[in-house]
Amino acid sequence: MNITRRRGTIALLTASLFGGPTMISQAEAKVVADSIVVSKSAHTLSLMSGKTVLKTYHVALGRGSAKAKQVAGDNRTPEGKYIVDEKKTSTSFHRALHLSYPNADDRARAANLGKSPGGDIEIHGLPTAFAWLGTMQHTLDWTAGCIALSNDEIDEVWKMVSVGTPVEIAP
């Protein structure tokens with residue numbers, strides 16, 4: 001091997017080992033959740049990649065009861081399959097992932113009761129005045145049916161979830 005060829009090989013190896021064009025940048029290696037699973041009984045929200053749990057958070061739920069949401073105003077957290085249909089920055093709760101509640105089952109259940117199923121169910125952070133609570137916020141169910149995280153936690157989830165992500169809320 002001649003000296004010029006050796007220098008080219010060394011340069012290529014050095015570039016690939018120390019940030020050359022063949023390296024994957026941190027932005028490209030960003031971790032993305034492909035689904036969200038909420039367990040109401042465990043009071044947890046898990047970000048998933050396939051069957052692998054990426055991270056689990058403790059959450060506060062609706063103050064109405066542990067039962068599934070039935071109608072508007074019952075302050076319960078729904079149960080079922082939804083999608084993140086909007087990422088909201090203009091909200092009373094720092095940031096929010098709006099869910100596609102009500103689904104067809106929710107509408108049918110409420111119609112059988114002659115009521116509206118309600119709407120505006122979100123995974124959200126805390127109001128500015130209560131941001132100081134941080135992760136302590138999950139010690140009491142306080143929402144009107146939503147799923148609440150601390151502001152730092154919703155910021156983290158926000159980066160890993162996109163519109164269209166499936167959400168399963170289990171009893």
Report task. Check Leu99, Thr91, Leu97, Ile147 against Glu122 for a side chain to side chain contact (heavy atoms under 4.5 Å, CB included) and give me the one that passes. Result -> Thr91
Minimum heavy-atom separation for [X] to [Y], with atom names?
{"X": "His124", "Y": "Cys146", "result": "NE2-CB, 3.3 Å"}
{"X": "Met48", "Y": "Val37", "result": "CG-CG2, 3.9 Å"}
{"X": "Gly119", "Y": "Pro102", "result": "CA-CD, 4.5 Å"}
{"X": "Pro78", "Y": "Lys40", "result": "O-CD, 3.9 Å"}
{"X": "Ser150", "Y": "Gln137", "result": "N-NE2, 3.8 Å"}
{"X": "Ala33", "Y": "Leu47", "result": "CB-CB, 3.9 Å"}

Is a side-chain donor or acceptor of [X] paired with a backbone partner of [Y] at a separation under 3.5 angstrom?
{"X": "Asn112", "Y": "Arg109", "value": "no"}
{"X": "Lys30", "Y": "Lys159", "value": "yes"}
{"X": "Asp141", "Y": "Leu61", "value": "yes"}
{"X": "Gln70", "Y": "Ala68", "value": "yes"}

From [atom1] ([X]) to [atom2] ([Y]), nearest 0.5 Å:
{"X": "Thr135", "Y": "Leu149", "atom1": "OG1", "atom2": "CG", "value": "10.5 Å"}
{"X": "Lys88", "Y": "His94", "atom1": "NZ", "atom2": "NE2", "value": "14.5 Å"}
{"X": "Lys81", "Y": "Ser100", "atom1": "NZ", "atom2": "OG", "value": "12.0 Å"}
{"X": "Thr143", "Y": "Leu126", "atom1": "OG1", "atom2": "CG", "value": "11.0 Å"}
{"X": "Ile169", "Y": "Tyr101", "atom1": "CD1", "atom2": "OH", "value": "10.0 Å"}
{"X": "Met160", "Y": "Asp34", "atom1": "CE", "atom2": "CG", "value": "10.0 Å"}

Query raised in the report: So does His58 have more than 12 non-hydrogen atoms from other groups sitting under 6.0 Å from NE2?
Result: no
**Report entry** Lys87, NZ: over 12 other non-hydrogen atoms inside 6.0 angstrom
**Finding:** yes
Hey, does [Y] have a side-chain heavy atom less than 4.5 Å from the side chain of [X]?
{"X": "Arg95", "Y": "Asp155", "result": "yes"}
{"X": "Thr128", "Y": "Phe93", "result": "no"}
{"X": "Thr89", "Y": "Trp158", "result": "yes"}

Report task. Using a strict 4.0 Å threshold on nitrogen-to-oxygen distance, state whether Glu156 and Lys55 make a salt bridge. Result -> yes
Query - Pair Lys69 + Asp74, salt bridge at N-O below 4.0 Å - result: yes
Cluster question for you: counting only ILVMFWY and a side-chain heavy-atom cut-off of under 4.5 Å, with indirect links fine, are [X] and [Y] together?
{"X": "Phe130", "Y": "Met136", "result": "yes"}
{"X": "Val31", "Y": "Val84", "result": "yes"}
{"X": "Ile123", "Y": "Leu54", "result": "yes"}

Query - Stepwise side chain to side chain donor-acceptor pair (under 3.5 Å) check, Thr56 with Thr44 - result: CA-CA 6 Å; Thr56 298; Thr44 58; over 6 Å; no
Query raised in the report: Taking the six-membered ring of Trp142, is NZ or CZ of Arg63 closer than 6.0 Å to its centre and within 45° of its axis?
Result: no
**Report entry** Val38/Glu168 under side-chain contact (heavy atoms from CB on, under 4.5 Å): CA gap, chis, key distance, verdict
**Finding:** CA-CA 6 Å; Val38 176; Glu168 180 178 355; over 6 Å; no
**Report entry** Criterion side-chain contact (heavy atoms from CB on, under 4.5 Å) on Tyr57 and Ile154, from CA distance to verdict
**Finding:** CA-CA 10 Å; Tyr57 304 87; Ile154 192 66; over 6 Å; no
Report task. For side-chain contact (heavy atoms from CB on, under 4.5 Å), just list the numbers for Val167 and Ile83, CA-CA rounded to whole Å, side-chain angles, deciding distance to a tenth of an Å, and then say yes or no. Result -> CA-CA 5 Å; Val167 178; Ile83 62 162; 6.0 Å; no
